[in-house]
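Contents: one structure, followed by commentary.
These figures come from a predicted structure and were not determined experimentally.
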Amino acid sequence: MRTATLGPAERGEALARMAERELDILVVGAGVVGAGTALDAATRGLTTGLVEARDWAAGTSSRSSKLIHGGLRYLEMLDFALVREALKERGLLLERLAPHLVKPVPFLYPLQHRGWERLYAGSGVALYDAMSVSSGHGRGLPVHRHLTRKHALRVAPCLRKDALVGALQYYDAQMDDARYVTTLVRTAAAYGAACANRARVVGFLREGERVVGARVRDLEQGGEYEVRARQVVNATGVWTDDTQQLIAERGQFHVRASKGIHLVVPKDRIHSTTGLILRTEKSVLFVIPWGRHWIIGTTDTDWDLDKAHPAASSADIDYLLEHVNSVLAVPLTRDDVQGVYAGLRPLLAGESDATSKLSREHTVAHPVPGLVVVAGGKYTTYRVMAKDAVDEAVHGLAQKVADCVTEDVPLAGAEGYRALWNGRAQLARRTGLHVARVEHLLNRYGSLVGEVLDLVTADPSLGRPLGGAEDYLRAEVVYAASHEGARHLDDVLTRRTRISIETFDRGTRCAREAAGLMAPVLGWDAEQVEKEVAHYEKRVEAERESQLQPDDRTADAARLGAPEIQPLA
């Protein structure tokens, strides 16, 4: 498979290509479902376009719990089909499709009641493991185990002794969600899809009742394109209803947004060799290993305010701290929190008032000829959602189209990854990088790591760590702009890297250096560099202010104090 580069020139070519001849499929929205749909369509031999109003995964798909999991709590809801489907997808991602991006992660479930709880929870976890193995793709993960309290406290010394009488430990998987989507887009482009971010659909083209394409506004260079397509797929997540309004058609279902927030704390604040899963009165709370950090989340509350920048309030942060501190021997404080992020789940509206009870299953509909809508679901099952969306679109193409093949299509960087991982010591010696640095790069880029290292060969200064964010090389900032479609400083510090949540200053210390590295690639002058840095600093300031507010409305108002770097007009 050839590697696709998503640089400034390629973006312009993609827009021109989409406008010059009718596509088979135009996908609107480049979150995980939209990117997956573009890959599915392209690998069936269909001419495919993908447009995104902001950045790849800028919405929900960069703000999740970073987990690839079957959903233990859905077993309790007796949603066996959803769990079985998700466990199969988890196995495929770990073993075949993205072993460089998706990794096993252990979780400890503290038991608080003797006898019945171990039997009840143990039966559920045993069923979870059995369903994983029966899917044919679950043999790569260790099975669960029962622990005494003494053993559990050796594994997780952070726990209060009176917080448990014993524990269960089981395995799931995790990934960097935004990086995963970027890799999906690059893979789709490698198979021929034309992909452009910062390209907003402002209207649909109609011939009578039929949708025959979309008007796409280039938010970077200006101008509008008429992109004609035999089928358009609306994969805009929590914006589904807004997109449908462009054709004055809400469709056959409604998408409701549920806000989930997460805290990021340094690794040394919680002494444990395993992640934690805790039951709350509404749902479950995860403490997830994340490199040199922990991610703590999540909440589950209705949200009807700004969708682009959901805000975490002081009440949200207190809620998570209160619940995690209920089991920690050394409580966390606000001062321990390095980063905070909030995301919105696109849930299919139902009769339940509580968003935690709404279905995570997805729906595909054909509300008008030429337009397919896909919504709902969960990150882990994106590939199934994409398959169903393309299957539905194919019905409107009136031609024979190949079946879905994405179950056998590794993502960019997967092929050869394991061989490179086995030889990481030699790669470290050859490049002069520490082996830990090489491991970091391999788990971000897989076998594409050579492209990053080529930048260092051409300019050895790029082999130095980024000042103020030493986990990342300067080359990674350049690569994000030249190969991964990053158009603004925010794209790099928030999604191509996780500097915005992994440092106490939230990326402000390295912002100017990063903007300077991006400038030659993107053709920025000194004025644009200043504009990018000022915008990023205002964004951080607005987020910090929102997190001091008592409720959603005041937090939302504070967060909206920082305007978009590129107005979505």
Side-chain angles (χ1 to χ4, degrees), residues 6 11-38 41-42 46-61 181 185 188-189 193-207 209-251 255 306-308 344 346 364-375 386 389-390 392-393 396 485 487 564 566-569:
L6 300 175
R11 177 184 175 278
E13 290 167 8
L15 282 168
R17 190 150 53 99
M18 282 188 265
E20 70 185 15
R21 69 187 183 96
E22 184 182 48
L23 302 170
D24 291 323
I25 304 281
L26 173 64
V27 183
V28 182
V32 71
V33 176
T37 300
L46 299 170
T47 56
T48 305
L50 173 66
V51 291
E52 162 59 45
R54 294 189 295 155
D55 185 26
W56 321 128
T60 301
S61 295
V181 174
V185 175
C195 306
N197 55 2
R198 308 284 175 182
R200 184 184 185 188
V201 169
V202 293
F204 287 105
L205 305 177
R206 306 289 291 267
E207 287 183 4
E209 186 187 6
R210 186 175 190 83
V211 170
V212 295
R215 288 200 322 279
V216 177
R217 182 172 299 159
D218 183 349
L219 299 176
E220 293 291 307
Q221 306 298 324
E224 285 189 10
Y225 296 83
E226 284 199 353
V227 179
R228 302 187 72 83
R230 298 165 68 196
Q231 292 285 310
V232 177
V233 177
N234 175 5
T236 51
V238 293
W239 286 273
T240 298
D241 292 3
D242 305 71
T243 309
Q244 291 299 100
Q245 286 176 3
L246 294 175
I247 57 167
E249 177 71 49
R250 200 196 87 174
V255 174
D306 179 65
K307 295 188 184 81
L344 301 177
V364 177
H366 223 136
V368 297
L371 179 66
V372 171
V373 184
V374 56
V390 177
E392 184 66 31
R487 299 290 305 171
E564 295 278 1
Q566 182 68 46
L568 299 182

Nearest atoms (heavy-atom pairs only) where G31 meets E52: N-OE1, 4.3 Å

K307 side chain reached by D242 side chain, heavy atoms, under 4.5 Å: yes

Student check: side-chain heavy atoms of E392 and V233 closer than 4.5 Å: no

Inter-residue atom distance L205.CG - E226.CD, 0.5 Å rounding: 5.0 Å

Min side-chain heavy-atom separation T48-D24 under 4.5 Å: no

Non-hydrogen side-chain atoms of I25 and V27 separated by less than 4.5 Å: yes

Exercise: identify the closest heavy-atom pair between Y225 and A19: CD2-CB, 3.6 Å

T47 side, atom OG1; L23 side, atom CG - distance, nearest 0.5 Å: 5.0 Å

Nearest heavy-atom neighbours spanning A14 and A194: O-CB, 3.8 Å

Side chain to side chain, R487 and L219, heavy atoms closer than 4.5 Å: no

F204 side, atom CZ; L26 side, atom CG - distance, nearest 0.5 Å: 8.0 Å

Interatomic spacing from CG in L246 to CZ in R206 - rounded to 0.5 Å: 10.5 Å

Interatomic distance, I247 atom CD1 to R210 atom CZ [nearest 0.5 angstrom]: 12.0 Å

V201/T243 under side-chain contact (heavy atoms from CB on, under 4.5 Å): CA gap, chis, key distance, verdict: CA-CA 8 Å; V201 169; T243 309; 5.5 Å; no

Any T60 side-chain heavy atom under 4.5 Å of P346 side chain: yes

Closest approach of L50 to G29 (non-hydrogen atoms, all atoms of both residues): CD1-O, 3.5 Å

Where V255 and G237 come nearest, the two heavy atoms and their spacing: CG1-O, 3.8 Å

Closest non-hydrogen atom pair, A188 against A42: O-CB, 4.1 Å

Residue pair V51, M18: steps toward the side-chain contact (heavy atoms from CB on, under 4.5 Å) verdict: CA-CA 10 Å; V51 291; M18 282 188 265; 3.8 Å; yes

Test item: T236 side-chain N/O and N234 main-chain N/O as donor-acceptor pair under 3.5 Å: no

Atom pair CG (D218) and CZ (R11), whose distance is rounded to the nearest 0.5 Å: 4.0 Å

Note, R198 side chain near D55 side chain (heavy atom, < 4.5 Å): yes

E224 side chain near V216 side chain, heavy-atom distance below 4.5 Å: no

